[in-house]
There are 2 protein chains.
Amino acid sequence: MPQVRPMRADARRNYERLLKVAAEAFAEHGENASLDDIAKRAGVGSGTLYRHFPTRQALLEAAYVDRIEALGTRADELAEELPPYEALMEWLNELCVATIQVRGLKSLLGSAVTDGGSVAMTACGTSVKGAATRLVGAAQAQGALRADLEPIEVLRLAHGVATASELANGQGREIRRYLTLLTEGLRPER
Amino acid sequence: MPQVRPMRADARRNYERLLKVAAEAFAEHGENASLDDIAKRAGVGSGTLYRHFPTRQALLEAAYVDRIEALGTRADELAEELPPYEALMEWLNELCVATIQVRGLKSLLGSAVTDGGSVAMTACGTSVKGAATRLVGAAQAQGALRADLEPIEVLRLAHGVATASELANGQGREIRRYLTLLTEGLRPER
DNA sequence: ACCTGAACACCGTTCAAGT
DNA sequence: ACCTGAACACCGTTCAAGT
């Protein structure tokens, strides 16, 4: 294993300032926040930003790893507190809320469940996919969920629910309803 | 009613060239195709483009009215050919296919079902919403669909299904499956 | 080794001048 | 009345020069 040589002090300082400012900028202006602006607000040249984060995706990912990994650990909490099916539903709900309310997170979570999305998603993708696999598996083992569902399909459909709720209104007021419609189906109760 | 005074010959020619070129450009480069490029390819100054289409939305809308109104009339065809529930499902399927495959259509259909989306959607929004209202109403009258569903909710959820399918793969291979999952629900068959 | 910031390319939008 | 295209503002990206 090649040692990860430590960053020079000024490099590390810049790296951290960039991350902090980027998180703020994405929160304020969405995922298309101006990169030049981020560099300026962090007090570094634009070249420095590109040195640390070659693509917008890379910066977005770095700015939100924590948020995304929190979703992973949250899954385990819920799995302990609630029965499998309820745990899954509550987690999907929180996932959708984050998708809509944390600006900049949506495209990231989207590309994490995109097929053929190349290498891009590493840390952040696996965290969410791992959580989904555990929760979906547990619910299926109880017979509370269709056995033919792949975890990634559930994630994609949840992303769809988040999108639908976003159309309904900027906040996530419709998430619960649309999730219920998805799980219960659009056909009438029998 | 104020007469719509006819366009000057050169204005009309430019208008039509712009629409034709715009449709091609959106198809080729997606909804973010360069406006400057469209003007150049149409052989007009960029100011002319802005005179006819003050916003990108306006141009997108004008370029796709036909496509969208075809979806409306298609609904009526299906209503004649098939029983209500099947007609709705087939229409939603075709709607999702168009959403994914016709580049540039997605944002337009999205904003047509967005709450608080201001005035933007006129012709194209009403066409789709009218179709949905007829098909959903007929299916509900037969007891084949939950009675508490609003047509616009069905459209939003269909948009969500299209989004989910898009994540699964660029084409629409998963649309049927995801639509079925939505209508039947994620819970196991009983 | 890392940073800076000027330079370049590109795009959207406006508007004075032209017909 | 309508068109043209230069001009402006803004952004992403690269890279030579600097420490």
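Since this is a predicted model, take the numbers as computed values, not measurements. Just so we're on the same page: letters track the sequence lines, and every chain starts at 1.
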Item to check | The single option from A:V161, A:L179, A:V97 passing side-chain contact (heavy atoms from CB on, under 4.5 Å) against A:L92 | outcome: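 Result: among A:V161, A:L179, A:V97, A:L179 is the only option passing the side-chain contact (heavy atoms from CB on, under 4.5 Å) with A:L92.
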
Item to check | Matching residue for A:L108 among A:T99, A:I68, A:V128 - test: side-chain contact (heavy atoms from CB on, under 4.5 Å) | outcome: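 Looking at A:T99, A:I68, A:V128, the match for A:L108 under the side-chain contact (heavy atoms from CB on, under 4.5 Å) is A:I68.
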
Check: [X] side chain, [Y] main-chain N or O, donor-acceptor pair, under 3.5 Å:
X      : Y      : result
A:T48  : A:V44  : no
B:Q140 : B:L149 : yes
B:R134 : B:A75  : no

Checklist entry - Is it true that A:R177 and B:E153 make a salt bridge, defined as a side-chain N closer than 4.0 Å to a carboxylate O? => result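 Yes.
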
Item to check | B:K106 and B:T163: side chain donor to acceptor below 3.5 Å | outcome: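 The criterion, which ignores hydrogens and geometry beyond distance, is satisfied for B:T163 and B:K106.
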
Roughly how far, to the nearest 0.5 Å, is [atom2] of [Y] from [atom1] of [X]?
X      : Y      : atom1 : atom2 : result
B:N14  : B:R17  : CG    : CZ    : 8.0 Å
B:L109 : B:R67  : CG    : CZ    : 10.5 Å
B:S111 : B:H159 : OG    : NE2   : 9.0 Å

Item to check | Positions of residues 33-44 of chain A (non-hydrogen atom under 4.0 Å from DNA chain C), listed by number | outcome: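 Within residues 33-44 of chain A, the residues near DNA chain C are A:G43, A:V44.
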
Next on the checklist: I need the residues from residues 46-53 of chain B with at least one non-hydrogen atom less than 4.0 Å from DNA chain C; give them sorted by number, or say none.
Outcome noted: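 Under 4.0 Å from DNA chain C: B:S46, B:G47, B:Y50.
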
Item to check | Outermost nucleotides of DNA chain D that come under 4.0 Å of a non-hydrogen atom of chain B | outcome: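 First and last nucleotides in contact are D:dA1 to D:dA6.
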
Checklist outcome for this item: With both pairing distances under 3.5 angstrom for Watson-Crick or G-U wobble, and | for a partner in another strand, the correct string for DNA chain D is ||.|||||...|||||.||

Next on the checklist: Once side-chain hydrogen bond (donor to acceptor under 3.5 Å, both in side chains) is applied, what residue pairs with a partner in residues 21-34 of chain B remain, sequence neighbours excluded?
Outcome noted: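 Found B:E31-B:S107.
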
Checklist entry - Do any pairs count as a ring-ring contact (aromatic ring centres under 6.0 Å, His included) and have a residue in residues 53-104 of chain A, sequence neighbours left out, and if so which ones? => result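 Listed once each, the pairs are A:Y15-A:F53.
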
